Number of protein chains: 2
Amino acid sequence: METAWAHELRGAGLRVTRPRLAVLSVLAEHPHADADTIVTGARDLHPSLSPQAVYGVLKALVAGGIARRIEPAGAPALFELRVGDNHHHLVCRSCGVVADVDCAVGAAPCLSPSDAAGFVVDEAEVVFWGLCSVCHGPNRQNHQLDIRGGATA
Amino acid sequence: METAWAHELRGAGLRVTRPRLAVLSVLAEHPHADADTIVTGARDLHPSLSPQAVYGVLKALVAGGIARRIEPAGAPALFELRVGDNHHHLVCRSCGVVADVDCAVGAAPCLSPSDAAGFVVDEAEVVFWGLCSVCHGPNRQNHQLDIRGGATA
DNA sequence: CCCTTGTTTTGAATCAGTCAAATCAAGCGC
DNA sequence: GCGCTTGATTTGACTGATTCAAAACAAGGG
């Protein structure tokens with residue numbers, strides 16, 4: 001069979017190309033990969049792939065609704081394939097690891113700020129900041145620098 | 001009297017300097033200013049101010065808890081003086097305008113994702129994306145480019 | 001199989017933000 | 001009030017993520 005990704009691409013009106021399949025493959029392995037990780041990883045399947053090609057592919061995937069771009073403050077953008085399921089993210093201040101969280105309060109409840117100030121809201125994005133299990137445990141060793149300070153709820 | 005800002009600075013263990021007072025003054029006028037706006041505005045009070053000085057001042061203010069840095073995806077960082085009151089933001093996809101929203105659900109409720117995946121969460125950051133009243137009204141004219149696409153709750 | 005049109009490549013450029021060394025000044029102690 | 005100490009600002013160069021433009025290329029319809 002043709003791969004499922006090929007179908008996804010066609011369904012979004014996008015051509016099926018090697019760079020795109022390579023990027024999708026990397027995203028499947030690394031659910032929250034940054035552009036650089038994707039470039040490196042995709043070269044296993046398509047060695048001559050350039051960074052710009054990856055940016056182009058990612059832009060197409062995001063525009064086609066196949067991938068989502070998330071941009072934790074202070075870190076390069078990450079890309080993921082989970083789309084349309086209203087989930088949010090946990091980001092570790094120490095190592096930058098990202099984990100998914102299903103929306104805490106139901107279907108799309110976050111879409112109702114108490115006072116929308118005249119805005120028509122179509123998306124609520126939630127980022128939980130903290131320390132991952134590796135970075136806060138008794139065996140913590142701050143395996144990387146802080147990527148963001150502060151602590152306000 | 002000495003200005004209130006001077007007291008704030010001292011309270012945070014920071015020296016009171018002209019660049020800092022100038023930056024605070026701009027932030028008071030523009031509650032969600034980016035670095036460039038601050039540089040330009042602060043030069044009214046301190047003409048020789050350099051961008052790097054502003055970055056230094058902002059870093060000090062953020063570290064001292066006097067200002068907060070917010071980074072809407074796809075836009076340069078913004079700074080605001082409201083700190084420690086758990087408010088969130090509405091961002092207009094069309095013109096980039098930012099408005100404050102008090103936390104919809106109480107004191108610090110967002111701090112409880114349904115499944116924290118082993119994370120110790122200390123902050124929840126919420127960004128509501130949509131169109132401001134100017135950009136979605138009958139008289140809308142898309143006065144600026146989209147700064148971010150997509151629409152998932 | 002060829003042509004059209006969307007993709008990728010190549011190469012250069014932009015923009016926000018950072019780093020380091022040297023100068024300068026806030027504010028403490030005398 | 002004076003000078004010293006230390007933190008702040010200036011100056012200038014630099015990084016890293018991302019984007020732009022034009023030319024070469026290939027997917028897939030006819």
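Keep in mind the model is a prediction, meaning the values are calculated, not measured. The sequence lines fix the lettering, A, B, ..., with proteins before strands; numbering per chain opens at 1. Any value given below was found using the heavy atoms of this structure, including those in side chains, with hydrogens, waters and symmetry copies removed.
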J.: Could you list the residues that satisfy side-chain contact (heavy atoms from CB on, under 4.5 Å) with P51(B), not counting sequence neighbours?
T.: V39(B), R43(B)

J.: Tell me, which of residues 38-62 of chain B have any heavy atom that sits under 4.0 Å from an atom in DNA chain C?
T.: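 Contacts with DNA chain C under 4.0 Å: Q52(B), Y55(B).
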
J.: Is any side-chain N of the basic residue among D34(A) and R69(A) closer than 4.0 Å to the acidic one's carboxylate O?
T.: no

J.: Side chain of P19(B) only, please: which of dT9(D), dT18(D), dG17(C) is the nearest?
T.: dT9(D)

J.: Kindly give the heavy-atom pair with the smallest separation between P72(B) and L78(B), and that separation in Å.
T.: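 Of all heavy-atom pairs spanning P72(B) and L78(B), the closest is CG-CD1, 4.1 Å.
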
J.: Scan residues 42-73 of chain A for pairs that pass ring-ring contact (aromatic ring centres under 6.0 Å, His included), counting only residues two or more places apart or in two chains.
T.: none

J.: Keeping E71(A) on the side-chain end and P76(A) on the backbone end, is there a donor-acceptor pair under 3.5 Å?
T.: no

J.: For S25(A) and L21(A), indicate whether the former's side chain and the latter's backbone hold a donor-acceptor pair under 3.5 Å.
T.: no

J.: Considering only heavy atoms from C-beta outward, does the side chain of C132(B) approach that of C95(B) to under 4.5 Å?
T.: yes

J.: Per the end-axis method with five pairs at each terminus, what is the bend angle of the helix from dC1(C)-dG30(D) to dC30(C)-dG1(D), to 10°?
T.: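 That helix gives 30° between its end axes.
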
J.: Does the side chain of R69(B) get closer than 4.0 angstrom to OP1 or OP2 of dG17(C) through an N or O atom?
T.: yes

J.: Which nucleotides of nucleotides 24-30 of chain C have their base under 4.0 Å from a protein heavy atom (B), which only their sugar-phosphate (S), and which neither (-), written as one string 5' to 3'?
T.: -BBS---

J.: Is it the case that the side chain of R20(A) and the backbone of R15(A) share a donor-acceptor pair, with hydrogens and angles ignored and the cut-off at 3.5 Å?
T.: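 Yes, R20(A) side chain to R15(A) backbone: donor-acceptor pair under 3.5 Å.
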
J.: Taking ring-ring contact (aromatic ring centres under 6.0 Å, His included) as the test, write out the residues that go with H32(A), two or more places apart.
T.: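 ring-ring contact (aromatic ring centres under 6.0 Å, His included) list for H32(A), sorted by chain: H89(A).
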
J.: Taking H30(B) for the side chain and V26(B) for the main chain, is one N or O donor matched with an acceptor at less than 3.5 Å?
T.: no

